[in-house]
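The structure under discussion appears below in the form of C-alpha cells.
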Amino acid sequence: MIKLIRGFRDILPGQVELWQDIESKARVLLENFGFREIRLPIMESTELFARGIGADTDIVEKEMYTFPDSKGRGQTLRPEATASVVRSYIEHGYAGSDPVQKFYTIGPMFRHERPQKGRYRQFYQINAEMFGVASPLADVQIMYLLHLFFTGLDVPDVVTHVNSLGCPECRPKFREALISFVSDKMDRLCSDCQRRAEANPLRVIDCKVPGCKEAVQGAPSIQDHLCPDCKEHFQAVIEGLDDLNVPYEIDPRLVRGLDYYTRTTFEVQTTLLGAQNAVAGGGRYDGLVKVLGGKETPAIGFAVGFDRLAALLGAEEKDFTVPPALFIAALGEDARKIAFGWLCDFNARGLRAEMDYEGKSLKSQMKQANRFNAGRVLILGENELQNGMAVLRNMNTKEQEEVALDGLTDRVAALINQG
RNA sequence: GUGGGUGUAGCUCAGUUGGUCAGAGCGCCUGGUUGUGGCCCAGGAGGUCGUGGGUUCAAAUCCCAUCACUCACCCCA
C-alpha cells in the first residue's frame with residue numbers, strides 16, 4: 001500500500017466541513033476589514049526566504065524543502081507566507097500607486113521538521129499583511145481583528161501575548177545587555193542554554209529548567225531597553241487594545257524565530273495542544289520590504305495556524321458532516337428510474353438528496369438512509385406507482401404522508417424547506 | 001537532527017514463558033419482517049500480525065534492520 005509521506009496528512013470529509021467554516025468566516029472578517037485576497041505560488045526562489053526570514057534562522061538553516069530547477073537554481077516550497085506577500089507587493093509596484101495595502105492569503109506552508117502533535121510538514125495558514133502604515137493603529141487593528149476572529153469561532157483557552165522587540169536602534173543594545181548578563185552565569189545554566197547563550201540569549205530567559213530559571217532571575221527586560229520611539233509605539237498599542245477591550249498579556253519573554261520582526265510582536269497561545277502552544281502569531285516587520293529590494297515601508301501581519309485552530313475546535317474528535325435532507329428509496333426498476341430523475345432534480349435545485357443506486361431491499365435502503373442521518377425518506381415502489389402517491393417519511397417523528405407523483409419534486413422541496 | 005512509547009480486521013484493542021493465537025467489541029453484509037431505519041437475535045464477509053532479513057522442527061511472540069505513527073527536546077503556525 002502506498003502511504004502518505006511523513007508529516008503530511010489528508011483532511012477528510014467530516015473534518016473538512018469545519019475547515020470550510022473556519023475559512024469562510026476568516027474571509028468575511030478579513031474582507032470587512034479591508035483585506036483583499038492575494039493568491040501566491042507555493043514555490044519561490046530560495047533566496048527570497050534566505051534573505052527575508054534570515055539566513056541563520058532554524059527555518060532557513062534546516063527546515064526548507066529546496067530543490068534545484070533544471071538549470072540548477074534553488075527553489076523552495078514556502079515555509080511561510082510573509083516573504084512571498086512582500087515579494088509580490090514589491091514586484092507589482094504597489095508602493096508606487098498606493099503604498100497602503102492590506103492582503104490576506106490562505107494556503108499550505110512546508111517545513112521539514114520532525115512531526116509531532118500540532119506540527120506537520122505541510123500545514124495551513126491564514127495570513128494577513130498590512131503595508132504602509134507605521135502608526136500603532138495598524139498594530140491595534142490587526143490584533144483586534146485576530147481577537148474578533150478567535151472569539152467569533154469560540155476558540156477555547158487562548159491568551160494573546162504581546163511584546164515589543166524594539167528596532168535596529170534599541171534591540172542590539174538589549175541583546176548585548178542580555179548576553180553580558182547571561183555570560184557570567186554560564187556555569188549555572190543547562191547544557192542547552194550554554195550552547196544558545198550567544199546565538200539566542202532570549203531563549204535562555206525562557207528556559208524551563210529550574211536551575212536556569214533561578215539563574216536568570218533579574219535578567220534585563222526588553223521593556224526597559226526600548227528607545228523612546230519604540231516605547232511610545234508600544235504604549236500606544238497597549239492603550240489601543242485597552243480602548244477596544246482586547247484582552248492581552250504583556251510578555252517580555254515572547255520571542256519570535258524570524259529575523260524580520262521589529263517592535264510589536266504577538267502570539268495567541270493555548271495549553272491544549274501540547275508543546276505546540278502557538279495558534280497564531282505575528283508582528284511588525286518594518287524593515288522587510290527594504291531588505292527584499294523595495295522602498296522602506298512599514299508593515300505588520302499575522303499568521304493563524306489552521307491545523308492547530310481546527311484541532312482546538314475538535315476537528316479530530318467530532319464529525320462535521322452535514323446530513324442530506326432527503327433519501328429516496330426506490331423498489332423495482334421502473335421506480336428506480338423515476339427516483340433517479342427526482343434525485344437529479346433535487347440536486348439541481350440545491351437540495352441535498354441521496355438514493356441507493358444498486359436496487360437493494362427496502363430494509364437495506366432504510367438502513368442506509370439512517371446511516372446518512374437523512375431527515376426524510378421518500379419511498380417509491382409498485383404500490384405507489386399504481387395509486388400515484390409516493391410516501392414521504394419523517395425519520396425523526398416516524399410520521400408518513402402521501403405525496404402525489406405529479407409535480408412531486410416541487411411539493412417535496414417545499415415541504416423540506418419549511419423544515 | 002536527538003530521545004521515549006507504539007505498529008495485530010475498516011475502527012478500538014486482547015493475544016500470558018515461542019507450539020489450535022489468527023481473536024473480541026464496534027462497524028459492514030444477509031436473514032429474523034415476500035415493502036420501512038435506530039433496539040434485540042442468528043449467520044456471514046474481512047487480516048501478507050507495518051516491511052525486510054535472521055534464529056528455530058516451529059515466530060504475532062525472540063534478534064537485527066527499516067518504515068510509519070506518537071510524545072518530548074529544538075523551533076514555531
Side-chain angles (χ1 to χ4, degrees), chain A residues 1-9 53 56-63 78-82 106-127 146 158 190-193 195-196 199-200 202-203 206-209 254-258 261 265-270 273-282 301-312 327 329-332 335 356 358 360-385 390-400:
Chain A
M1 181 170 52
I2 298 173
K3 289 198 265 195
L4 274 163
I5 56 183
R6 181 166 212 195
F8 288 64
R9 63 182 187 141
I53 299 169
D56 327 305
T57 57
D58 280 6
I59 293 178
V60 174
E61 264 182 5
K62 51 192 188 195
E63 296 174 3
R78 62 180 184 193
E80 59 114 40
T82 302
I106 300 173
M109 309 296 155
F110 304 84
R111 290 183 202 169
H112 192 105
E113 298 178 90
R114 189 83 168 249
Q116 71 183 73
K117 184 171 187 162
R119 188 165 82 184
Y120 306 96
R121 289 182 173 179
Q122 174 174 337
F123 59 100
Y124 295 80
Q125 288 188 340
I126 302 168
N127 277 86
L146 200 52
V158 285
C190 69
S191 56
D192 279 341
C193 283
R195 180 172 47 76
R196 63 191 166 198
N200 200 345
L202 276 166
R203 278 281 156 218
D206 207 20
C207 185
K208 292 139 201 147
V209 176
L254 178 65
V255 204
R256 318 230 64 237
L258 290 74
Y261 285 114
T265 56
F266 51 89
E267 211 168 87
V268 179
Q269 298 181 359
T270 177
L273 290 177
Q276 305 309 316
N277 63 350
V279 191
F302 67 74
V304 175
F306 212 137
D307 309 71
R308 292 181 187 175
L309 180 54
L312 279 180
F327 185 93
L331 293 163
D356 161 62
E358 309 291 339
K360 290 187 185 162
S361 70
L362 179 60
K363 175 174 180 165
S364 167
Q365 293 189 58
M366 291 301 289
K367 278 187 149 181
Q368 202 181 338
N370 191 57
R371 205 163 36 235
F372 270 123
N373 207 3
R376 291 170 214 246
V377 175
L378 186 61
I379 300 167
L380 183 70
E382 282 170 24
N383 300 344
E384 288 74 17
L385 284 179
V391 172
L392 184 64
R393 176 180 177 88
N394 183 316
M395 292 296 273
N396 297 319
T397 64
K398 295 183 172 181
E399 284 168 28
Q400 300 197 162

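We name chains A, B, ... by the order of the sequence lines, and we start the count at 1 in each one.
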Self-check item: Base partner of A60(B), which must satisfy Watson-Crick or wobble distances under 3.5 Å
Solution: none

Quiz prompt | Base paired to C11(B) (Watson-Crick or G-U; both N/O distances under 3.5 angstrom) | solution = G25(B)

Practice problem: Grab the CE-P distance between M366(A) and C29(B) for me, whole Å please. | Solution: 15 Å

Self-check item: Rounded interatomic separation in angstrom, taking CD from Q400(A) and C1' from U36(B)
Solution: 7 Å

Self-check item: Watson-Crick or G-U counterpart of U66(B), or none if no pair lies under 3.5 Å
Solution: G50(B)

Quiz item: What integer distance in Å separates L392(A):CG from G37(B):P?
Solution: 17 Å

Quiz item: Hey, does G118(A) reach any base, or is it just sugar-phosphate, or nothing, if we go heavy atoms under 4.0 Å?
Solution: base

Exercise. Would you mind reading off the distance between M109(A) atom CE and C75(B) atom C1', rounded to a whole angstrom?
Key: 17 Å

Exercise. Remember a base hit wins even if backbone is also touched, and classify A280(A) as base, sugar-phosphate or nothing at under 4.0 Å, heavy atoms.
Key: sugar-phosphate

Exercise. Describe the nucleic acid contact of D307(A) in one word from base, sugar-phosphate, nothing, applying a heavy-atom distance below 4.0 Å.
Key: nothing

Quiz item: Can you tell which of U36(B), C28(B), U30(B) lies closest to the side chain of K360(A)?
Solution: U30(B)

Quiz prompt | Whichever of S364(A) and G305(A) has its nearest RNA chain B nucleotide further upstream toward 5' | solution = S364(A)

Quiz item: With Y124(A), which residues qualify under ring-ring contact (aromatic ring centres under 6.0 Å, His included), at least two apart?
Solution: W19(A)

Quiz item: Ignoring hydrogens and angles, are the base of C75(B) and the side chain of R119(A) linked by a donor-acceptor pair under 3.5 Å?
Solution: yes

Exercise. Return the minimal non-hydrogen interatomic distance between E267(A) and N277(A), and the atom names on each side.
Key: OE1-OD1, 4.4 Å

Exercise. Report yes if the side chains of F302(A) and V268(A) come closer than 4.5 Å at any heavy-atom pair, otherwise no.
Key: no

Quiz item: Taking side chain as C-beta onward, heavy atoms only, is V158(A) less than 4.5 Å from L312(A)?
Solution: yes

Quiz item: Taking side chain as C-beta onward, heavy atoms only, is F123(A) less than 4.5 Å from R308(A)?
Solution: no

Quiz item: Contact class for Q368(A) (heavy atom, under 4.0 Å): base, sugar-phosphate, or nothing?
Solution: nothing

Practice problem: Take atom CD of E63(A) and atom C1' of C74(B), then tell me their distance rounded to the nearest Å. | Solution: 9 Å

Quiz prompt | Spacing between E113(A) atom CD and C75(B) atom C1', to the nearest angstrom | solution = 6 Å

Quiz item: K398(A) NZ to G38(B) P: how many Å, rounded?
Solution: 9 Å

Exercise. State which of G37(B), G35(B), C28(B) makes the closest approach to the side chain of K367(A).
Key: G37(B)

Quiz item: So do D307(A) and Q276(A) actually touch side chain to side chain, heavy atoms under 4.5 Å?
Solution: no

Exercise. Ignoring the backbone of K363(A), work out which of G31(B), G35(B), C75(B) is nearest its side chain.
Key: G31(B)

Practice problem: May I ask you to verify if any side-chain N or O of R371(A) is less than 4.0 angstrom from the OP1 or OP2 atom of C28(B)? | Solution: yes

Exercise. Kindly point out which of U36(B), C75(B), G37(B) is positioned nearest to the side chain of M395(A)?
Key: G37(B)

Quiz item: Using purine N1 to pyrimidine N3 plus N6-O4 or O6-N4 for Watson-Crick, or N1-O2 and O6-N3 for G-U wobble, both under 3.5 Å, which nucleotide pairs with A72(B)?
Solution: U2(B)

Every protein N/O lying under 3.5 Å from an N/O of nucleotides 68-70 of chain B:
from   : atom 1 : to    : atom 2 : distance (Å)
C69(B) : OP1    : G7(A) : N      : 3.4
C69(B) : OP2    : R6(A) : NE     : 3.1

Quiz item: Is Q269(A) touching bases, backbone alone, or none of the nucleic acid, heavy atoms closer than 4.0 Å?
Solution: nothing

Practice problem: Indicate, with a heavy-atom threshold strictly under 4.0 Å, whether I59(A) touches base, sugar-phosphate, or nothing. | Solution: nothing

Quiz item: Which nucleotide sits closest to the side chain of L362(A): U36(B), G38(B), C75(B)?
Solution: U36(B)

Quiz item: For the base of G35(B), is there a side-chain donor-acceptor partner from E384(A) under 3.5 Å away?
Solution: yes

Quiz item: Which base, if any, makes a Watson-Crick or G-U wobble pair with G37(B), both distances under 3.5 Å?
Solution: none

Quiz item: For R119(A), what residues pass the salt bridge (charged side-chain N to carboxylate O under 4.0 Å, His left out) criterion, not counting sequence neighbours?
Solution: E113(A)

Practice problem: Would you state whether a donor and an acceptor, one from the side chain of Q365(A) and one from the base of U36(B), lie under 3.5 Å apart? | Solution: no

Quiz item: Within this structure, what is the CG-to-C1' distance between N383(A) and U34(B), rounded to whole angstrom?
Solution: 12 Å

Practice problem: For atom CD of E61(A), decide whether the heavy atoms of other residues, nucleotides or ligands shown that lie under 6.0 angstrom number more than 12. | Solution: yes

Exercise. Measure the spacing between CZ of F110(A) and CD of Q122(A) and express it to the nearest 0.5 Å.
Key: 4.0 Å

Quiz item: Reckon E382(A) touches a base, only the sugar-phosphate, or nothing at all at heavy-atom distances under 4.0 Å?
Solution: base

